[in-house]
Amino acid sequence: MTEWASSPAMPATRRRLRPELRLAQRWGVPVGGLLVVLLIAVTLFAPWIVPFDPDQVDVANRLAPMTAQHWLGTDELGRDVLSRLLIGARVSLGTVAAILALVFAIGVTLGSLAGLAGGRIDQLVMRTADLFLTFPTFVMAMCLIGVLGTGMTSMILAIALTHWAWYARVVRILVISQRSRDYVLAATLCGASRWATFRRHMLPGISVQVLILLTLDLGHMMLHVAALSFLGLGVAPPTPEWGVMISDARDLIWARPALVIWPGLAIFLSVAAFNLLSDGLRDRLDPALKEAHG
Amino acid sequence: MSESNASRRFESLWQIALRRLALMPLLLLAVSLIIFLLLHLGRGDPALDYLRLSGISPTDQAVAAARHQLGLDLPLWQQYAHWLLQALQLDFGTSFISGRPVLTVMLEHLPATLALVAVALVVTVVASLVLGLWAGLHPGRWPDQLVRLVAFLGVSMPNFWIGFLLVLVFSIWLDWLPPMGYGGPLHFVMPALAISVMTISINARMLRMSMVETASQRHVHYARLRGLSRRRVVLAHQLPGALLPLLTASGMAIGELIGGAFVIENIFAWPGVGRLAVDAIQNRDFPVLQCFTLLMTLVYVLANLGVDLVHAWLDPRVRRRRPQSGETKGRAGLPAGEERP
């Protein structure tokens with residue numbers, strides 16, 4: 001099949017595929033990138049741009065409609081919805097960043113260990129990774145939270161522990177493929193120790209590739225954070241997390257559906273921004289990523 | 001190739017099923033041990049949880065009595081051995097919250113969850129077939145763009161939010177569907193749709209891609225050159241090859257759907273395992289947690305086995321005893337990795 005794929009018959013199909021690819025490339029990265037930058041800006045500057053204190057209860061003014069003062073109205077305790085949404089960005093992005101760092105650390109450490117050591121250690125790490133890859137991530141995260149107890153720290157740990165395996169596998173393959181590269185062999189010939197060779201010549205390249213792969217998964221992890229918090233297993237109220245806000249407003253869906261709609265829209269837009277960016281990047285980097293892992 | 005030669009190179013479906021089922025007790029044992037150790041070495045004292053949930057005030061005397069009653073004063077290995085012996089007799093203890101046998105409670109709630117997941121799986125397969133085929137046969141044209149847009153929205157929306165939006169539109173504004181509860185076929189519509197939007201989006205995208213890929217394969221070109229009708233080329237020559245990745249994806253969708261069902265059950269007051277589990281996790285109801293984890297392992301492994309058997313039945317290459325390198329199955333189809341000196 002491979003010889004056929006590279007035969008002159010392919011370009012015709014390729015050309016037919018191009019327009020939509022170009023569409024995704026042309027709009028995906030700029031629009032997604034802009035939204036992500038906006039989200040990060042909100043995360044960084046939220047405490048200074050919120051119109052009200054997000055935790056300030058004002059019972060006299062509860063369930064206020066959208067007004068010039070409260071742009072998105074107030075919730076069942078009279079707290080300003082817009083302020084809570086803005087601070088919520090901070091919680092969402094913060095937890096996701098912590099998860100990302102943990103997954104990166106675990107994945108790179110175990111993957112490199114397996115790739116460099118080989119033999120029994122390799123087998124042990126990879127079989128463990130296989131076990132983790134077998135089970136659906138969300139159900140496994142729920143079970144882990146059951147064991148660790150509810151709360152934000154447990155949730156971060158649980159999501160990280162259910163996502164490291166795939167990255168460990170990617171890192172292992174990258175390490176193995178780099179071991180026979182000329183510059184690595186050259187370093188070894190010059191008498192560099194295995195650790196020095198790994199740290200100076202292999203780790204930087206691997207880190208960049210894994211970081212790119214990880215950002216592609218951010219949207220998916222955000223959905224996990226929101227769903228677990230919605231169930232009351234993650235971020236605990238009164239912290240203004242988006243999933244928690246929806247959970248708080250669920251009984252008001254008949255009277256004030258907007259209280260459910262706004263936080264959901266915030267989750268949707270953030271996840272969509274990351275997905276848009278990652279789809280666009282994937283299309284652009286596809287040859288490079290394909291070469292790296294399959 | 002002689003008959004005996006062929007049977008030596010290929011496994012029968014029975015052999016695959018037996019080999020996998022033989023590994024299952026081992027897997028369940030490993031999972032139970034891990035969960036047991038984590039639960040008992042982790043933070044918190046089950047005796048205190050027990051007393052809290054039973055409404056007994058935790059005096060020193062009561063704690064000591066509870067520890068003895070729950071067997072927590074024994075060495076850890078004895079506790080595990082005791083639990084394992086009981087579990088082998090299908091006795092998973094009694095729930096701290098309800099005081100009822102855990103397995104009975106679980107089995108009462110399991111059918112509702114399985115029914116929801118099954119309906120959602122059928123919805124996923126049918127909808128992704130329709131959408132994926134429609135898009136894959138018109139690459140780059142408007143049906144393709146539309147399906148891509150829908151799929152993009154689908155993977156970006158939280159399923160519980162979709163659930164609320166559906167309730168808002170179909171129960172509150174239009175008053176067509178019951179907003180919650182479990183019973184008739186109408187009750188299934190919104191929960192099943194809410195959890196399958198994500199898997200439909202993923203699978204439709206995947207089928208679209210494999211349809212476009214198979215379109216440029218040699219046997220499809222040949223079928224077209226022979227002058228076969230478009231319908232026949234698509235149905236008999238293009239679709240079979242494109243269906244295998246969809247099958248694998250549907251297997252992975254089962255896990256996604258179970259997870260989704262646990263969330264959605266909480267919105268629609270669905271009497272399933274998910275609500276039970278969330279209650280147990282929030283209250284640290286240890287016996288329920290242990291049984292829940294094992295039950296989920298069992299359900300998921302059995303579901304995966306079913307998918308793999310169908311896969312092996314459709315694609316003899318899977319049954320080959322020594323799979324060629326590069327054919328390993330995984331989220332991104334990662335190759336096994338060549339070991340080089």
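Residue numbers start from 1 in every chain, and the chains themselves are labelled A, B, ... in the order their sequence lines are given, proteins ahead of strands.
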Measure distances from A/Leu265 to the heavy atoms of chain B and classify the residue's part below 4.5 Å as side chain, backbone, both or neither.
both
For a 4.5 angstrom cut-off between non-hydrogen side-chain atoms, does A/His220 reach B/Val155?
no
Begin from the C-alpha positions of B/Leu27 and A/Leu131 and carry the test side-chain contact (heavy atoms from CB on, under 4.5 Å) through to its verdict.
CA-CA 9 Å; B/Leu27 183 67; A/Leu131 192 69; 3.3 Å; yes
Under a 4.5 Å heavy-atom cutoff, which of A/Asp130, A/Ile145, A/Leu144, A/Leu223 has the most pairs with chain B?
A/Leu223
Gap between atom CD1 of B/Ile281 and atom OG of A/Ser154 - 0.5 Å precision:
11.0 Å
Looking at side-chain heavy atoms only, is the closest gap between B/Trp161 and A/Ile246 below 4.5 Å?
yes
Is any side-chain heavy atom of B/Pro158 less than 4.5 Å from a side-chain heavy atom of A/Phe230?
no
What part of B/Phe164 gets closer than 4.5 Å to chain A, counting heavy atoms only: side chain, backbone, both or neither?
both
Between atom CD1 of B/Ile172 and atom CD1 of A/Ile253, what is the distance when rounded to the nearest 0.5 Å?
4.5 Å
In terms of heavy-atom pairs under 4.5 Å, which option from B/Phe262, B/Tyr300, B/Phe160 contacts chain A the most?
B/Phe160
Selection from A/Gly219, A/Gly243, A/Ala226 maximising heavy-atom pairs under 4.5 Å formed with chain B:
A/Ala226
Just wondering, are more than 12 heavy atoms of other shown residues or ligands nearer than 6.0 Å to CZ in A/Arg127?
yes
With distance as the sole test, does B/Gln282 use its side chain to make a donor-acceptor pair with the main-chain N or O of A/Leu231 at under 3.5 Å?
yes
Which atoms of A/Phe138 approach chain B - backbone, side chain, both or neither, heavy atom under 4.5 Å:
side chain
At a heavy-atom separation under 4.5 Å, does B/Met296 approach chain A through its side chain, its backbone, both, or neither?
side chain
Applying side chain to side chain donor-acceptor pair (under 3.5 Å), can you list everything that pairs with A/Asn275, at least two apart in sequence or on another chain?
B/Ser156
Could you grab the distance from atom CE of A/Met142 to atom CG of B/Leu289, nearest 0.5 Å is fine?
9.5 Å
Would you say B/Thr293 and A/Val147 make side-chain contact, with heavy atoms under 4.5 Å?
no
Minimum heavy-atom distance B/Gly255-A/Val139, with the two atoms named
O-CG2, 4.3 Å
Contacting region of A/Ile261 [heavy-atom separation from chain B under 4.5 Å]:
both
dist B/Met252:CE -> A/Thr137:OG1 (nearest 0.5 Å) comes out at 11.5 Å
By a 4.5 Å heavy-atom criterion (distance strictly below it), what part of B/Leu153 contacts chain A: side chain, backbone, both, or neither?
both
Taking side chain to side chain donor-acceptor pair (under 3.5 Å) as the definition, give me every residue that meets it alongside B/Ser210, ordered by chain and number, with sequence neighbours left out.
none
In terms of heavy-atom pairs under 4.5 Å with chain B, the winner among A/Gly146, A/Pro257, A/Ser270, A/Gly264 is A/Gly264
